[in-house]
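Reading through the structure tokens given below for one structure.
Within every chain, numbering begins at 1; the chains are lettered A, B, ... in the order of the sequence lines, protein sequences first and strands thereafter. For the numbers below, each heavy atom of this structure counts, side chains included, while hydrogens, waters and symmetry mates do not.
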Amino acid sequence: MKENGSVQTVTVPASIGRVELAWTSDGGRVRLVGISLSEGLARPPRCKSLGTARVPRAIRRMAAVIQDGLGDIPGRITDGLVDWGMFAGFQGKVYEAVRRIPRGKVSSYGDIARHAGSPQAARAVGHAMAVNPFPLLIPCHRVVRADGSLGGFAAGLSIKERLLKLEGVMMNADSRIRRDDFWS
DNA sequence: CTTACAAGAATAT
DNA sequence: ATATTCTTGTAAG
């Protein structure tokens, strides 16, 4: 665990690399403020274990899910930890739609735009994904191009690809996602 | 105001 | 099948 002002972070080793959780605790009120993914190929020089650090219980539970196969984080854990109200308007609707994409399925930028009520805003959805503060919780890796190609990913496309593979999404020979794996 | 995008569709080759 | 062009909503400068 590392401390920067009032924001504290912990780095969790995961199959896809490393996942850093950042939170604040103002007056006992723990609030997740960000998640960042990175390809932790080399042994992290200063990645302390969760054993001794003073990490809030909800953060520990989240870290456990991440270490234990990167499943979806249950709402029971994220409830009260993430202030979903901080996302207003278009961005909020986009994130809400993305959170409905089930594990093992993908959706397209255009589809999400439609769900968010701005059917022409596919590119704007892409931008919202690019600035997503909570990857995994808001599963932006499940948003791909309409033709099945991957699109982009802030933390590097190989992480997106590995996350999708981990979730059972299948690619065709031309490395495009099968039509069957599109949600809607 | 202009520019940059993690897009998409239409059109051309 | 791929390449090019045009339109597009948002955010950031």
Side chains of A/Glu167 and A/His141, donor plus acceptor under 3.5 Å: yes
Carboxylate-amine/guanidinium contact A/Asp147 A/Arg176, below 4.0 Å: yes
Residues A/Asp72 and A/Arg142 bridged, charged N to O under 4.0 Å: yes
Parallel, tilted or perpendicular: ring planes of A/Phe134 versus A/Phe87, cut at 30 and 60 degrees: perpendicular
Gap between atoms CG and C1', on A/Asp147 and B/dA6 respectively (whole Å): 13 Å
Neighbour count >12 (heavy atoms, 6.0 Å) for atom CD, A/Gln91: yes
A/Gln120 or A/Gln91, whichever maps to the more 5' nucleotide of DNA chain C: A/Gln120
Side chain A/Arg162, main chain A/Ser15, donor-acceptor under 3.5 Å: yes
Minimum-distance nucleotide (side-chain atoms of A/Ala121 versus C/dG9, B/dG8, B/dA6): C/dG9
Rounded distance (Å) that lies between atom C1' of B/dA6 and atom CZ of A/Arg142: 17 Å
Nearest-Å distance for atom pair NZ/P, residues A/Lys93 and C/dT10: 10 Å
Selected nucleotide, minimal atom distance to A/Arg176 side chain, candidates C/dT2, B/dA6, C/dG9: C/dT2
Enumerate all atom pairs, one protein N or O and one N or O from nucleotides 3-5 of chain B, separated by less than 3.5 Å.
from: B/dC5; atom 1: N1; to: A/Arg123; atom 2: NH2; distance (Å): 3.4

SB check A/Glu161 A/Lys165 (cutoff 4.0 Å): no
Minimum-distance pair of heavy atoms, taken over all atoms of A/Tyr109 and A/Gly152: OH-N, 3.5 Å
Watson-Crick or G-U counterpart of B/dC1, or none if no pair lies under 3.5 Å: C/dG13
Touch class at under 4.0 angstrom, heavy-atom based, for A/Ala130 against every strand present: base
Salt-bridge criterion met for A/Asp26 and A/Arg29 (N-O under 4.0 Å): no
Residues from residues 97-117 of chain A lying under 4.0 Å of DNA chain B - heavy atoms: A/Ser108, A/Tyr109, A/Gly110
